[in-house]
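These figures come from a predicted structure and were not determined experimentally. Atoms considered below: every heavy atom in the structure, side chains included; atoms not considered: hydrogens, waters and symmetry mates.
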Amino acid sequence: MRNCLILLLTFISCFSFAQKEPNLSAFKTQKEKLQAWAEYCDEFLAVENYKQLRVVGKKGVQLAAKNDYNNLSLFYFYVGVSFDFGNETDSLSYYMEQSEQFARKAKNNRRTLEALKIMMVSYKNYGSTSKRERVLRELHKVIDTSRNEIDKIKIMSEISDYYINIGQYEKGLQYKLNGLKGRKKYLSKGDLDDTINYGVQLVNISELYVTMGNPQKGLEYLTESEPFLAKYKEGVAAVHKDFISIYLKQPNLSKAEERYSKFKAFLKTVDLGDCFEYFIESNLLFSDYYLEKDQNSKALEYANYANSLVPKYASDFSKAQVNQMFGKIYLKQKDYSKALPFLQLAEPIIKEDSPEANSALQKLLADTYDGLGNKSLAYYHLKIYNELQEKLLAEKAKKNLAEMEAKYQNNVKKQEILNKNLQIDAANKQKYYFVGGLFLLTIIGGLLFYQSRKRKQTNEKLQLLNSELDEANKAKTRFFSILNHDLRGPVANLVFFLQLQKESPEMLDEESIQRMQDKTMSGAENLLSSMEDILQWSKSQMENFKPQPQQFQITTLFDDTKKHFSSVENIQFQFENPSNLTLVTDENYLKTIVRNLTGNAIKALADVPHPMIIWKAFQENGKTILSITDNGKGATDEEFKALYDEKEVSGIKSGLGLHLIRDLAKAIDCEIVVDSQINEGTTVVLHIK
């Protein structure tokens with residue numbers, strides 16, 4: 001058990017310290033211990049602390065019994081994802097293979113699928129052809145048999161990347177297009193990352209068309225992507241850069257310059273490093289364009305502009321690209337001594353990027369050393385360049401062969417389809433012989449229709465009654481959940497105060513005893529008030545648990561919230577309602593939502609200096625809006641998924657409170673919007689219609 005001092009600090013902060021190792025001895029069963037350890041792993045996964053995730057994941061493997069296949073699969077998965085997808089693929093693959101094996105023994109299809117998807121990405125870099133093809137077959141099997149459309153869409157994306165990686169661009173493109181059609185169906189349902197994810201897929205397809213030598217088609221998909229990425233700043237910047245790239249390749253300089261001006265204007269509204277990195281790349285595209293046109297001064301102008309942004313915004317790779325461009329420009333001017341330092345600065349980063357980029361750089365270094373008269377170093381870099389070119393040509397030949405094989409197989413399938421169509425034509429002729437028989441069957445069917453219709457009407461009445469009964473059961477379940485959620489916390493606080501006074505009086509001086517007694521009395525009064533509210537509400541809902549809209553003052557709602565959380569210390573509460581607004585909705589529903597959101601905000605303020613919670617009431621476009629803002633640590637979209645996704649179930653990442661908020665908000669037609677930034681706080685806005 002934790003000592004009383006830690007419990008006191010925990011209550012005051014109203015939040016258990018993030019990433020604090022759970023005390024497994026405090027749990028009675030092995031199942032509870034493993035659940036707590038899995039939640040501990042999830043915390044490191046959420047903040048991408050892969051180094052620590054690997055350590056705690058391996059301990060999870062040790063904690064799980066040898067026949068506990070479900071947990072072994074889970075903890076091997078945690079360890080696997082902690083390895084780098086590009087440089088540690090052998091270790092990544094090993095742990096994912098273990099995760100898959102244990103998942104199959106546990107007959108856990110979801111965990112099996114997650115391991116397969118990670119392995120598909122890993123094997124693209126790992127180079128294990130047989131393993132890659134085995135996983136590919138398994139993923140194809142899921143597409144053919146699964147009823148989960150979202151899983152199918154995500155798997156199509158993985159398979160598409162596989163075919164693109166081995167050079168079968170047309171096949172990879174087809175899977176991307178099929179996945180795009182699937183995503184489009186869910187745009188209005190909110191089952192995927194909606195518009196932004198859809199827009200990103202459009203950009204990916206655009207770039208693939210450009211790679212395949214069809215910039216015009218790429219332009220069409222890029223144009224379609226723009227409105228879907230309007231709220232994703234990095235996406236907007238990427239689209240601007242891709243437009244410039246395509247226009248310069250066409251070439252259409254006026255269009256490229258027009259897009260460049262739009263990009264420049266857009267950057268005045270943001271200060272995101274990734275956006276400026278795309279702008280640096282755009283300047284380098286112009287610089288390269290003018291260098292090929294032998295307009296060295298214009299090329300240098302754009303390179304200098306890109307370089308002016310480097311100190312504040314550029315990553316190491318962007319710096320290397322800028323240095324390489326300066327080297328190319330000075331080499332073109334035959335100023336070899338000036339070109340060499342820039343190329344030398346670029347080399348350590350560029351050679352880690354890709355064989356294509358490294359090959360181009362090695363050729364520039366060879367030409368520069370040759371111009372300086374250093375034949376030995378010129379030969380050295382030329383040799384590296386030739387070796388890289390041989391590998392690239394071999395890889396290109398392999399991809400071309402794969403694409404030719406794919407086209408051949410496609411032609412074979414087309415012939416099979418043609419033969420099948422001929423068989424269908426022959427079968428169609430036989431259908432006419434059955435028309436007479438079908439006519440007689442139709443007459444018989446007509447005689448049965450009346451009887452069937454009567455039966456259908458009776459069934460519809462029964463279904464309506466069953467639906468009403470089911471809805472009533474769901475409503476009562478939701479009400480009991482509210483009772484459990486809203487009363488459990490205050491009761492626990494009272495028990496804690498009383499236990500602390502009884503079991504550890506030596507920890508408290510007279511001033512602390514008086515303060516604790518005051519808080520106990522205040523907590524008891526608040527609890528009694530909450531119980532009276534809920535019992536009165538339950539009495540009014542005896543027949544049906546449905547919203548009962550009425551007009552009330554928001555000031556009353558804020559006063560209730562202030563009183564309910566009066567025992568919370570060290571957090572500054574602020575309630576702003578300058579226009580003294582009123583609302584027409586079910587006050588009890590909204591009161592429960594506000595209490596849960598306030599409780600979640602209090603939990604988010606652990607270890608935050610100067611913690612503050614601000615409730616605001618204001619009007620916008622004729623509608624009344626409530627918002628709560630905290631200056632806590634923020635959270636990821638996944639942690640708020642239970643607010644939007646009715647399929648999300650309570651587990652590691654989602655709690656009962658978010659489900660209550662979601663269900664009650666839906667009942668009173670209230671839209672919830674969350675804006676949470678890591679280390680910057682969270683704002684939740686309630687649009688009450």
*Asks:* Below 4.5 Å, heavy atoms only, C-beta onward: do I593 and I668 meet side chain to side chain?
*Replies:* yes
*Asks:* Would a 4.5 Å heavy-atom cut-off, applied to side chains only, mark V568 and F573 as touching?
*Replies:* yes
*Asks:* Mind running side chain to side chain contact (heavy atoms under 4.5 Å, CB included) on L113 and V142 for me, showing each step along the way?
*Replies:* CA-CA 8 Å; L113 179 58; V142 174; 4.3 Å; yes
*Asks:* Could you tell me if the side chain of K633 sits less than 4.5 Å from the side chain of I678, heavy atoms only?
*Replies:* no
*Asks:* Measure the spacing between NZ of K152 and CG of L139 and express it to the nearest 0.5 Å.
*Replies:* 13.5 Å
*Asks:* Would D560 and T556 count as a side chain to side chain contact (heavy atoms under 4.5 Å, CB included) if you check the C-alpha gap in whole Å, the side-chain angles of each, and the deciding distance to 0.1 Å?
*Replies:* CA-CA 6 Å; D560 173 81; T556 304; 5.8 Å; no
*Asks:* Take S318 and E281 through the test side-chain hydrogen bond (donor to acceptor under 3.5 Å, both in side chains) and record every step on the way to the result.
*Replies:* CA-CA 8 Å; S318 292; E281 190 174 346; over 6 Å; no
*Asks:* Do V81 and M96 have side-chain heavy atoms sitting under 4.5 Å apart?
*Replies:* yes
*Asks:* In terms of ring plane angle, is the pair F575 and F558 parallel, tilted or perpendicular, where the classes change at 30° and 60°?
*Replies:* tilted
*Asks:* Atom NZ of residue position K616 - does it have more than 12 heavy atoms of other residues, nucleotides or ligands inside 6.0 Å?
*Replies:* no
*Asks:* Under 3.5 Å, is there a donor-acceptor pair linking the side chains of Q677 and D675?
*Replies:* yes
*Asks:* Do you know the tightest heavy-atom contact between Y40 and P22?
*Replies:* CG-CD, 3.6 Å
*Asks:* Start with the C-alpha gap between Q553 and T582, add the side-chain angles, then the distance that decides, and say whether side-chain hydrogen bond (donor to acceptor under 3.5 Å, both in side chains) holds.
*Replies:* CA-CA 4 Å; Q553 295 282 339; T582 62; 5.7 Å; no
*Asks:* With sequence neighbours left out, what residues match K59 under salt bridge (Lys or Arg N to Asp or Glu O under 4.0 Å)?
*Replies:* E21
*Asks:* Which value, rounded to the nearest 0.5 Å, describes the distance between S82 atom OG and E48 atom CD?
*Replies:* 12.5 Å
*Asks:* Rounded to the nearest 0.5 Å, what's the gap from CG on D669 to NE2 on H687? Could you check?
*Replies:* 12.5 Å
*Asks:* Work out which heavy atom in N631 is nearest to a heavy atom in P609; give both atom names and the distance.
*Replies:* ND2-O, 3.9 Å
*Asks:* Mind checking whether F263 and F279 have ring centres under 6.0 Å apart?
*Replies:* yes
*Asks:* Would you please test Y95 and F77 for ring-ring contact (aromatic ring centres under 6.0 Å, His included) and show each step?
*Replies:* CA-CA 7 Å; Y95 282 99; F77 183 87; over 10 Å; no
*Asks:* Could you grab the distance from atom CG of L116 to atom OG of S99, nearest 0.5 Å is fine?
*Replies:* 9.5 Å
*Asks:* Which pair of heavy atoms, one from W37 and one from G60, lies closest together, and at what distance?
*Replies:* NE1-N, 3.5 Å
*Asks:* Donor-acceptor pair, N49 side chain versus L53 backbone, under 3.5 Å?
*Replies:* no
*Asks:* Regarding Q548 and Q550, is there a side-chain donor-to-acceptor distance under 3.5 Å anywhere?
*Replies:* no
*Asks:* Side chain to side chain contact (heavy atoms under 4.5 Å, CB included), that's the test. Do D271 and K312 meet it? Break it down for me.
*Replies:* CA-CA 10 Å; D271 191 25; K312 186 174 181 181; 4.1 Å; yes
*Asks:* Let me see the working for Y175 and S157 under side chain to side chain contact (heavy atoms under 4.5 Å, CB included), right down to the final yes or no.
*Replies:* CA-CA 7 Å; Y175 274 96; S157 179; over 6 Å; no
*Asks:* Can you check whether V203 reaches L229 side chain to side chain, under 4.5 Å on heavy atoms?
*Replies:* yes
*Asks:* Checking the side chain of S160 only, and the main-chain atoms of M156 only, is there a donor and an acceptor separated by less than 3.5 Å?
*Replies:* no
*Asks:* Do I614 and E576 have side chains that approach each other closer than 4.5 Å (heavy atoms only, starting at C-beta)?
*Replies:* yes
*Asks:* Can you find a side-chain donor-acceptor pair between Y78 and D42 that sits under 3.5 Å?
*Replies:* yes
*Asks:* Any chance CG of D637 has more than 12 other-residue heavy atoms, nucleotides or ligands included, within less than 6.0 Å?
*Replies:* no
*Asks:* Distance alone, cut at 3.5 Å: any donor-acceptor contact between the side chains of Q619 and S579?
*Replies:* no
*Asks:* Pair T598, T561 - check side-chain hydrogen bond (donor to acceptor under 3.5 Å, both in side chains), show working.
*Replies:* CA-CA 8 Å; T598 306; T561 306; 5.3 Å; no
*Asks:* Rounded to the nearest 0.5 Å, what separates atom CG in L626 from atom CD1 in I688?
*Replies:* 4.5 Å
*Asks:* With a 4.5 Å heavy-atom cut-off, do L658 and N600 have their side chains touching?
*Replies:* yes
*Asks:* Any ion pair linking K117 and E114 (charged N to carboxylate O, less than 4.0 Å)?
*Replies:* yes
*Asks:* Hey, what do you get for CG (L590) to CZ (F552), rounding to the nearest 0.5 Å?
*Replies:* 5.0 Å
*Asks:* Does the side-chain hydrogen bond (donor to acceptor under 3.5 Å, both in side chains) test come out yes or no for T555 and N580, once each step is laid out?
*Replies:* CA-CA 7 Å; T555 300; N580 197 24; 3.0 Å; yes
*Asks:* Please tabulate, for side-chain N and O atoms in residues 232-244, each donor-acceptor pair with protein atoms closer than 3.5 Å (sequence neighbours left out).
*Replies:*
unit_1: H240; atom_1: ND1; unit_2: R259; atom_2: NH1; d: 3.1

*Asks:* Could you tell me whether the side chain of E277 and the main chain of S315 form a donor-acceptor pair under 3.5 Å?
*Replies:* yes
*Asks:* Just checking, any donor-acceptor pair under 3.5 angstrom between side chains of E639 and T636?
*Replies:* yes
*Asks:* Between I153 and G179, which heavy-atom pair has the shortest distance, and what is it?
*Replies:* CG2-O, 3.8 Å
*Asks:* Shortest non-hydrogen contact from F75 to C41?
*Replies:* CE2-SG, 4.0 Å
*Asks:* Is K591 paired with D586 through a side-chain N to carboxylate O contact shorter than 4.0 Å?
*Replies:* no
*Asks:* Could you check if a side-chain atom of F640 sits within less than 4.5 angstrom of a side-chain atom of S676, using non-hydrogen atoms only?
*Replies:* yes
*Asks:* What pair of heavy atoms forms the shortest contact from G80 to L92, and how long is it?
*Replies:* O-CD1, 2.8 Å
*Asks:* Tell me every residue that passes salt bridge (Lys or Arg N to Asp or Glu O under 4.0 Å) with K58, counting only those two or more places apart in sequence or in another chain.
*Replies:* none
